[in-house]
Amino acid sequence: MTLAVKLLLIGALVLGIIIPFGYYLIGEKNKKRYKRAVGANAFFYFGAMTIAAIMMFGGSPVHAADAAAFAGNATGLGYIAAALSTGLSCVGGGIAVASAASAALGAISEDSSALGKSLIFVGLAEGVCLYGLIISFMILGQL
């Protein structure tokens, strides 16, 4: 992609955020206008991302034969995969710990003998984060 195309896509993303919410903030603030603003924002964002993906992956066949560029893309996608496995597993683990810990505190306040059982469930929820971290180390080991 050329610099002009990159700047155009960045401008489209920025305008896709500013225009819908500017429309919402200027007029009467009600639920209908907010839903329209969020819908327009999602449409512009995903539209720009789709166009960017098509332009990025729709390169010429001459560049596809270049082994160095392919190795660079594979390494970059490997880093993205490692980051996603850690990040998403930590988000899921955080959600699980939030609900399990609050339920555990409620159970402990009623009956203090439930401490051991409730800590096991909180620990299992934290284990999800560790599994994602292990997977990301395995991915990074293959790069």
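Position 1 is the first residue of the sequence, and the numbers go up from there.
The line from CZ of Phe137 to OG of Ser85 is 10.0 Å long, rounded to the nearest 0.5 Å. We find the CD1-CG distance between Ile18 and Asn41 to be 10.5 Å, quoted to the nearest 0.5 Å. Taken from CG in Asn30 to CZ in Arg33, the straight-line distance is 6.5 Å, to the nearest 0.5 Å. With values rounded to the nearest 0.5 angstrom, Asp111 atom CG is found 8.5 Å from Lys117 atom NZ. Here the CD1-SG distance, from Ile95 to Cys90, works out to 11.5 Å after rounding to the nearest 0.5 Å.
When every heavy atom of Gly106 is checked against every heavy atom of Ser109, the shortest pair comes out as O-OG, 2.7 Å. In terms of heavy atoms, Val122 sits closest to Ala104 at CG2-CB, 4.2 Å.
Linking ILVMFWY side-chain heavy atoms closer than 4.5 Å, directly or via other members, places Met138 and Leu143 in two distinct hydrophobic clusters. Cluster membership for Leu88 and Leu77, using ILVMFWY side-chain heavy atoms within less than 4.5 angstrom, is shared.
At least one side-chain heavy atom of Leu140 sits under 4.5 Å from a side-chain heavy atom of Tyr79. Taking the side chain as every heavy atom from C-beta outward, Lys35 and Val38 never approach each other to under 4.5 Å.
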>> side chain to side chain contact (heavy atoms under 4.5 Å, CB included) for Leu133 and Cys129? Distances and angles first, verdict last.
In response: CA-CA 6 Å; Leu133 189 64; Cys129 300; over 6 Å; no
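Remark: the backbone N or O of Ala83 is not paired with any side-chain donor or acceptor of Thr86 at under 3.5 angstrom. Side-chain atoms of Ser112 do not come within 3.5 Å of backbone N or O of Ile108 as any donor-acceptor pair.
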